[in-house]
Amino acid sequence: MSTLDPFRFLDLPRQDLPKAPAQERASHFGEIYGDFPSDQAAAQSGRCLDCGNPYCEWKCPLHNLIPGWLSLVRDGRLTEAAELAHRTNPLPEICGRVCPQDRLCEGACTLEDGFGAVTIGAVERHLTDHVLERGWRPDLSGVRPTGRRVAIVGAGPAGLGCADTLVRYGVEAHVFDRYRQIGGLLTFGIPPFKLDKEIVKRRRMVLEEMGVRFHLGVEIGKDLAFHDLLADHDALFLGMGAYTPMRGGFPGEDLPGVHRALDFLIGNVRPQLGLGSEGHIDLRDKRVVVLGGGDTAMDCNRTAIRQGAARVTCAYRRDRENMPGSRREVVNAQEEGVHFLWNRQPVRILGHERVEAVEVIRTRLGAQDERGRRRPEPVPSSEEIIDAEAVLIAFGFQPSPPGWLARFGVETDARGRVLAPAAGRFPFQTANPKVFAGGDMVRGSDLVVTAVAEGRDAALGIVGFLK
Ligand code: SF4
């Protein structure tokens, strides 16, 4: 079979990355996937049809040039593939790990219908890891300094996407974050079994070598006045994320033993980062109920399993098909021992001194809501009780922009989202022309890749504004 055989997909089935057996991987927090050997990465890349109208590119929020870098990997030209991948994606090895590919690029692959999509995420991760481990760095030799400097508040995916793009246009990027590590949710929220923290550290090194300056452990509005930041820079980008948990609005949510997803995940990762055990929530030997159906709920499920919970039950109000999270993560959770209850909506959390059980009611799916998703409707008299010693609530997050932002003319909507339209003259510019914003702070909690894309596009808006 020739390496250029366009019908290679007929003989060569989709192969996923090697995955550790469920029992073994549930006993530690290390990443569960290994890497492709290079010949396998090339062979899997060669399955791409180069179909002329690549839906995968359109479905990828970054519009990555996927068939282009797949063909370079197929031909063993990994350095060129990395150059091309970085042209659109500042964090390819991270997106390759954490994107819900089945809902994005791979879900749109022509081969998905009957043959198995090309393993796009795995190849993106493989090619980037391969070249970075061998010392490759983005080539910025042609960049001419503009003498302009921009402050970025928040070192999460949106801020990093913005910083990477700015330095490529010769703009000094100064990233401020209240934590001493970069990454935001990449470091503190996403568990290490999905994203090893060494990967984020390596990306920090790459960005620093590209010229990005990090000012860590600095809280804007407390350690450094926003006014001074504004005065010292030609423009600002806000990428402060969304950290305020959404409430369910049912009785018992504040009982001892009921925890917010992010508190649990951050408390779990802090000791692994050498930051002490403050806030650690230990679920060993406990019967745990997780409420929610997104990727954060899956992270809670699988972290609880790794902590040694006696039983983990995940209740979600729609069916499996309509879960917002990645199907791959649901499969991983099931393999590791999580028990799912679909079509169950929480009614209340029961307990006296602390949580003792969760009452749920069965649902069926009714008419579509304004976002096109079918609404769950309770089935009368179908309540049931699930006993629980701990409950983790993962209903999503909303932004909580600091109150002082309004004093600088930055406007927000009723839900606290900063108003920064993507389609404005300068994308992601706020009502204060010098201030831009993107990521979860603007759209509410969403995917890592979406935040990276908005940070990148806001940087292009800033570059236009500075001209
Ligand atoms: Fe797919 Fe995400 Fe990579 Fe885009 S960034 S190609 S959606 S894995």
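We use all heavy atoms of the structure for the numbers below, so side chains are in, but hydrogens, waters and symmetry mates are not. Counting starts at 1 for both ligands and their atoms, in listed order.
- Residue Cys95 has at least one heavy-atom neighbour below 4.0 Å for each of these atoms of ligand 1: 5 (S), 8 (S).
- Looking from atom 4 (Fe) of ligand 1 to the surrounding protein, the closest heavy atom is Cys60 SG, 2.4 Å.
- Remark: ligand 1 atoms within the under-4.0 Å shell around heavy atoms of Leu104 are 7 (S).
- Per-residue contacts place Val449 under 4.0 angstrom from the following atoms of ligand 1 (heavy atoms of the residue considered): 5 (S).
- Side-chain contact check for Glu172 and His174: at least one donor-acceptor pair (N or O, by modelled atom type) lies under 3.5 Å.
- Residues Ser326 and Asp295 have side chains that never bring a donor and an acceptor to within less than 3.5 angstrom of each other.
- Each of Thr128, Asp129, Asp196 was scored for a side chain to side chain donor-acceptor pair (under 3.5 Å) with Arg97, with one residue passing: Asp129.
- Using a 4.5 Å cut-off on side-chain heavy atoms (C-beta onward), Glu124 and Asn64 make contact.
- Protein heavy atom in closest approach to atom 2 (Fe) of ligand 1: Cys99 SG, 2.4 Å.
- Of all atoms in ligand 1, numbered sequentially from 1 with element shown, those under 4.0 Å from a heavy atom of Gln101 are 8 (S).
- Using modelled atom types and a 3.5 Å distance limit, the side chains of Asp440 and Gln398 yield no donor-acceptor pair.
- Between the side chains of Ser141 and Asp139, at least one donor N or O lies within less than 3.5 Å of an accepting N or O.
- At a threshold of 2.8 Å, atom 1 (Fe) of ligand 1 has a backbone or side-chain N, O or S atom of Cys105 nearer than that distance.
- Among protein heavy atoms, the minimum distance from atom 3 (Fe) of ligand 1 is reached at Glu124 OE1, 2.2 Å.
- Of all protein heavy atoms, the one lying nearest to atom 5 (S) of ligand 1 is Asn64 ND2, 3.4 Å.
- Looking only at atom types and distance, the side chain of Arg375 has no donor-acceptor partner in the side chain of Gln368 under 3.5 Å away.
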